[in-house]
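The structure appears below as structure tokens.
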Amino acid sequence: MTVTLDRPASTRTRDPKELLNAVQPRVKHLPINVLDSGMTLWDREVALLLRDHTMVRDMAERILGNAVMYTLGCMEHPEVHLGVGKLVDIGVHQLILDTPVWWALCNTYNKGRYKHHSPFIERRRDGLCLRTADFLTSIGFDIDEELWAIDGTECSPCDDKVPDSH
């Protein structure tokens, strides 16, 4: 399959923060104190990243933003094989682990189907990570090139071992 990477000049850049926060009305099972606090989903996921990983807020937001881009790219384009490096994958795993949020993402952006996470054991070293970054740019995302270049050719992709997996 050939993927075209040319982006029309009129395409608006898609904001991962807005796209994540847009699923908040579909989240059914978050702890009541989180929703009552006025915290957005974006702030929630950043706070969870900061709780579980040693990083500053700016890095957590960069990782989360690129993880949202990757996740939506996988959901919107299941026909394209995509993969992430270790750093962005931290954010992908954060989204998956917060299952009420993950389910809302699936309902909103994956036509209501659950998107499975089925990773390979061995990392790939064929440049898929960099091709994924190019693809995400082609569908309107402003990727963080530094985050994608860090892992460059070392990728942790998932495959279609189970239905609708990324």
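Quick caveat: nothing in here was measured; it's all calculated off a predicted structure.
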(message) I'd like to know whether Ile63 forms a side chain to side chain contact (heavy atoms under 4.5 Å, CB included) with Met55, so could you lay out the CA-CA distance, the side-chain angles of the two residues, the decisive distance to 0.1 Å, and finally the verdict.
(response) CA-CA 10 Å; Ile63 289 170; Met55 65 178 76; 3.8 Å; yes
(message) Between Asp89 and Arg123, does any NZ, NE, NH1 or NH2 come within less than 4.0 Å of an OD or OE carboxylate oxygen?
(response)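 The answer is no: the pair does not qualify as a salt bridge.
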In the structure I gave you, are the side-chain heavy atoms of [X] and [Y] within less than 4.5 Å of one another anywhere?
X      : Y      : answer
Leu20  : Val101 : yes
Lys115 : Tyr109 : no
Cys106 : Met75  : yes
Glu61  : Leu64  : no
Trp102 : Leu97  : no
His29  : Trp103 : no
Leu82  : Tyr70  : yes
Leu136 : Trp148 : yes

Taking [Y]'s backbone N and O only, do any of them form a donor-acceptor pair with [X]'s side chain (distance below 3.5 Å, no angle check)?
X      : Y      : value
Asn21  : Leu41  : yes
Arg131 : Asp126 : yes
Thr13  : Gly140 : no

Looking at [X] and [Y], what are the two nearest heavy atoms and their distance?
X      : Y     : answer
Gln94  : Asp52 : OE1-OD2, 4.2 Å
Ala67  : Gly91 : CB-C, 3.3 Å
Ala60  : Leu50 : CB-CD2, 3.9 Å
Ala104 : Val27 : CB-CG2, 3.6 Å
Gly65  : Pro16 : O-CB, 3.5 Å

(message) Taking ring-ring contact (aromatic ring centres under 6.0 Å, His included) as the definition, give me every residue that meets it alongside His53, ordered by chain and number, with sequence neighbours left out.
(response)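 With sequence neighbours excluded, His53 shows a ring-ring contact (aromatic ring centres under 6.0 Å, His included) to no residue whatsoever.
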(message) Under the salt bridge (Lys or Arg N to Asp or Glu O under 4.0 Å) definition, can you give me all pairs with a residue in residues 62-72, not counting sequence neighbours?
(response)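 Residue pairs with at least one partner in residues 62-72: Arg62-Asp144, Arg62-Glu146.
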(request) Just grab all the salt bridge (Lys or Arg N to Asp or Glu O under 4.0 Å) pairs involving residues 65-78, residues at least two apart or on different chains. (result)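 Qualifying pairs, neighbours excluded: Arg14-Glu76.
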(request) Test Glu18 against Trp42 for side chain to side chain contact (heavy atoms under 4.5 Å, CB included), laying out the working first. (result) CA-CA 8 Å; Glu18 287 178 14; Trp42 180 266; over 6 Å; no
Point-to-point distance, once rounded to the nearest 0.5 Å, from [atom1] of [X] to [atom2] of [Y]:
X      : Y      : atom1 : atom2 : result
Asn66  : Glu145 : CG    : CD    : 10.0 Å
Leu105 : Asn110 : CG    : CG    : 9.5 Å
Glu45  : Leu95  : CD    : CG    : 5.5 Å
Leu147 : Leu87  : CG    : CG    : 5.5 Å
Thr137 : Ile139 : OG1   : CD1   : 9.0 Å
His116 : Ile96  : NE2   : CD1   : 11.5 Å

(message) Under a plain distance cut-off of 3.5 Å, with no hydrogens placed, do Thr40 and Asp43 share a side-chain donor-acceptor pair?
(response)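 Asp43 vs Thr40: donor-acceptor pair found between side chains.
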(message) With a 4.5 Å cut-off on side-chain heavy-atom distances among I, L, V, M, F, W and Y, is there a chain of contacts connecting Val46 to Leu48?
(response)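 No; tracing contacts between hydrophobic side chains, which count when under 4.5 Å, never links both residues.
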(request) Give a yes or no on whether Ile150 and Leu130 share a hydrophobic cluster (residues Ile, Leu, Val, Met, Phe, Trp, Tyr; joining criterion: side-chain heavy atoms under 4.5 Å apart). (result)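 In one cluster: no.
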